[in-house]
Amino acid sequence: MMSKHFFGDTAVLLGRSLRHITRSVDTVVTTAVMPIAMMLMFVYVFGGAIKTGSDSYVNYLLPGILLITIASGIAYTAFRLFTDMKSGIFERFQSMPTARSSVLWAHVLTSLVANLISLVVVVLVALLMGFRSGAGVAAWLAVAGILILFTLALTWIAVIPGLTAKTVDGASAFSYPLIFLPFLSSAFVPTDTMPGPLRVFAEHQPVTSIVNAIRDLFTQQPVGTDIWIALAWCVGILVVAYAFAMNTYRRKIA
């Protein structure tokens, strides 16, 4: 009965959040604009000077751009959550017979939908720029699964500042380090071109294993251990962020 109550409430609140998205489609478009601009700049301005061992730099670059797209998009999740907190809508929901966690899950699923739309837009632009992949359906599904897990993990991180920030700018500012992290990975250049300490960091941070796994899936190369390391990072971050976010939410509504 409780699970049915939870799913029903989440569906209703998800519909509310998605209606807000449809009324401000520019937020989804804006999320995709920066990564697309970055992709255009790196491919057409820097691409000729960067040696990656790949026939096409856009093929090498796209996995990292997809992660930057997600990191950009989750800032809106924190913003929408912060806005709801300040508007008093949470108190109104608490006075109604709704499952308490459904409010957060509605925001998280809205983030997932919005980010998936942005990712599709970025991939379509990459195709126009020459991106090609011989990957089969299974490989594309594996890429989609990794991106969904990564989106959920970062979105639950976004929930925490959305609940605790004092200002709108503070709610979304947390995303800046996450957007910068792919620059310190194998997303733009091979890690073996980096100086010692930076190379060690780049090779052992989550973005590199995720980028490498997606890149191998796109190019039909053996993924090796990268995919398992990538999944471990995504699931680990998701579990920890979910626990912190739910604990923060319980304290807020107590």
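Heavy-atom basis, side chains included; hydrogens, waters and symmetry copies ignored.
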Distance-only donor-acceptor hits, side chain of residues 161-169, under 3.5 Å, sequence neighbours excluded:
| from | atom 1 | to | atom 2 | distance (Å) |
| --- | --- | --- | --- | --- |
| T164 | OG1 | I160 | O | 2.8 |
| T167 | OG1 | G170 | N | 3.0 |

- Query: Which ILVMFWY residues are connected to L141, directly or by a chain of links, through side-chain heavy atoms under 4.5 Å apart?
  - Reply: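 Members other than L141 - counting any ILVMFWY side chain reachable under 4.5 Å - are V137.
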Hey, are the side chains of V143 and L147 touching, using non-hydrogen atoms and a 4.5 Å cut-off?
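They are in side-chain contact.
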*Going by heavy atoms in the side chains, are M129 and Y44 under 4.5 Å from each other?*
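Touching, per the 4.5 Å side-chain cut-off.
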Discussion item. In this structure, would L116 and M34 fall into the same cluster of hydrophobic residues linked by side-chain contacts under 4.5 Å?
Written reply: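 L116 clusters together with M34.
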Less than 3.5 Å apart, which donor and acceptor atoms pair up between the side chains of residues 68-75 and the rest of the protein, not counting sequence neighbours?
| from | atom 1 | to | atom 2 | distance (Å) |
| --- | --- | --- | --- | --- |
| T69 | OG1 | I65 | O | 2.8 |
| S72 | OG | I68 | O | 2.9 |

Please list, chain by chain and in numerical order, all residues satisfying side-chain contact (heavy atoms from CB on, under 4.5 Å) with [X], sequence neighbours excluded.
X    : result
V108 : W105, L152, T155, W156, V159
I36  : A32, L40, V121, V122, V125
T193 : V189, P190
Q220 : none

Determine the interplanar angle of the F131 and F218 rings, folded into 0 to 90°, and report it as parallel if under 30°, tilted if 30 to 60°, perpendicular if over 60°.
perpendicular
Minimum heavy-atom separation for [X] to [Y], with atom names?
X    : Y    : result
S56  : G130 : OG-O, 4.4 Å
C234 : I146 : SG-O, 4.3 Å
N59  : P63  : O-CD, 3.6 Å
Q205 : L184 : NE2-O, 2.6 Å

State yes or no: are the ring centers of F42 and Y57 separated by less than 6.0 Å?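 No.
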Notebook entry, point to check: Is N247 reaching over with its side chain to a backbone N or O of A243, donor-acceptor style, under 3.5 angstrom?
Noted result: no
If the condition is side-chain hydrogen bond (donor to acceptor under 3.5 Å, both in side chains), which residues does S186 pass it with, not counting sequence neighbours?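 Once residues adjacent in sequence are excluded, the partners of S186 under the side-chain hydrogen bond (donor to acceptor under 3.5 Å, both in side chains) criterion are N212.
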side-chain hydrogen bond (donor to acceptor under 3.5 Å, both in side chains) filter on T191, not counting sequence neighbours, yields E203
Ring pair (Phe, Tyr, Trp, His ring centres under 6.0 Å) filter on F79, not counting sequence neighbours, yields none
Taken in chain and number order and not counting sequence neighbours, the residues that satisfy ring pair (Phe, Tyr, Trp, His ring centres under 6.0 Å) with F174 are none
Salt bridge (charged side-chain N to carboxylate O under 4.0 Å, His left out) pairs touching residues 185-198, sequence neighbours excluded, are none
